[in-house]
Amino acid sequence: MNKAEPENATELMLLVIKQIPAGRVATYGQIASLSGKPKNARQVGATLRDLPTGSDVPWHRVVNARGIVSERNHRPDCEQRQKELLEAEGIVFDDNGVIDLVRYRWDPNVG
DNA sequence: AAGTTGACTATTT
DNA sequence: AAAATAGCCAACT
């Protein structure tokens, strides 16, 4: 029997992230909540951190609750990379590098 | 087994 | 407004 639905929250997180449409962003807490673990926002980041290069997961569409690209202590170059990918999808950053979540946050109920 | 870490978030200074 | 504190919890040492 193959599993139609993942039991692990980690895999579920990845599936949720894959649902984010281009031109939209979601927060870590949002992904965690949609994965049934509203307190595991940090785990979302940990999962993305271990994501292999070339993954089909749109990791760049995940930002923190303030609408900015989270600083990562290890791959600082990825931060810039993330902004480029988002801008390529039409996401606009203001002068402070902040995304307007009211405008760009993904609403799973709408699509 | 017990302590540390961190791509988080909300609250308080 | 910006920085520090507190709460959280899976993964790692």
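A note on names: the letters A, B, ... follow the listed sequences, proteins ahead of strands, and every chain is numbered from 1.
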Compile the donor-acceptor pairs under 3.5 Å between side chains in residues 43-55 of chain A and protein atoms, sequence neighbours left out, one pair per line.
{"residue": "A:Thr47", "atom": "OG1", "partner": "A:Gln43", "partner atom": "O", "Å": "2.9"}
{"residue": "A:Ser55", "atom": "OG", "partner": "A:Val57", "partner atom": "N", "Å": "3.1"}

Considering only distance and modelled atom types, tabulate donor-acceptor pairs under 3.5 Å from the side chains of residues 19-37 of chain A, sequence neighbours left out.
{"residue": "A:Gln19", "atom": "NE2", "partner": "A:Leu15", "partner atom": "O", "Å": "2.9"}
{"residue": "A:Arg24", "atom": "NH1", "partner": "A:Arg103", "partner atom": "O", "Å": "3.3"}
{"residue": "A:Arg24", "atom": "NH1", "partner": "A:Arg105", "partner atom": "O", "Å": "3.4"}
{"residue": "A:Thr27", "atom": "OG1", "partner": "A:Gln30", "partner atom": "N", "Å": "3.1"}
{"residue": "A:Gln30", "atom": "OE1", "partner": "A:Thr27", "partner atom": "N", "Å": "3.2"}
{"residue": "A:Gln30", "atom": "OE1", "partner": "A:Arg105", "partner atom": "NH1", "Å": "3.2"}
{"residue": "A:Gln30", "atom": "NE2", "partner": "A:Trp106", "partner atom": "O", "Å": "2.6"}
{"residue": "A:Ser35", "atom": "OG", "partner": "A:Ile31", "partner atom": "O", "Å": "2.8"}

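Summarising the hydrophobic clusters (Ile, Leu, Val, Met, Phe, Trp, Tyr; side-chain heavy atoms under 4.5 Å, direct or chained), the residues clustered with A:Val98 are A:Ile68.
In terms of the side chain to side chain donor-acceptor pair (under 3.5 Å) criterion, residue partners of A:Glu89 (sequence neighbours excluded) are, by chain and number, A:His60, A:Arg61. In this structure, the side chain to side chain donor-acceptor pair (under 3.5 Å) partners of A:Ser70, at least two apart in sequence or on a different chain, are A:Asn64. Every residue two or more places apart in sequence or in another chain that forms a side chain to side chain contact (heavy atoms under 4.5 Å, CB included) with A:Asp77 is listed here: A:Arg75. For A:Asp56, the salt bridge (Lys or Arg N to Asp or Glu O under 4.0 Å) partners are A:Lys18, not counting sequence neighbours.
Distance, A:Asn73 CG to B:dC8 C1': 13 Å, rounded to whole Å. The CG atom of A:Asp77 sits 13 Å away from the C1' atom of B:dA7 (whole-angstrom rounding).
Nucleic acid contact class of A:Glu71 (heavy atoms, under 4.0 Å, all strands): sugar-phosphate only.
Of the residues in residues 17-35 of chain A, A:Thr27, A:Tyr28, A:Gly29 come within less than 4.0 Å of DNA chain B through at least one heavy atom, sorted by number. The stretch residues 87-103 of chain A does not touch DNA chain C, since none of its heavy atoms comes less than 4.0 Å from the strand. DNA chain B is contacted by A:Ala41, A:Arg42, A:Gln43, A:Gly45, A:Leu48, A:Arg49 of residues 37-50 of chain A, taking any non-hydrogen atom closer than 4.0 Å. A heavy atom lying under 4.0 Å from DNA chain B marks the following residues of residues 53-65 of chain A, by number: A:Trp59, A:Asn64, A:Ala65.
Between A:Leu86 and A:Tyr104, every side-chain heavy-atom pair lies at or beyond the 4.5 Å cut-off.
Hydrophobic clustering (side-chain heavy atoms under 4.5 Å, transitive across Ile, Leu, Val, Met, Phe, Trp, Tyr) groups A:Leu14 together with A:Leu85.
Nucleotides of DNA chain C that come within less than 4.0 Å of any heavy atom of chain A span, from the 5' end to the 3' end, C:dG7 to C:dA11.
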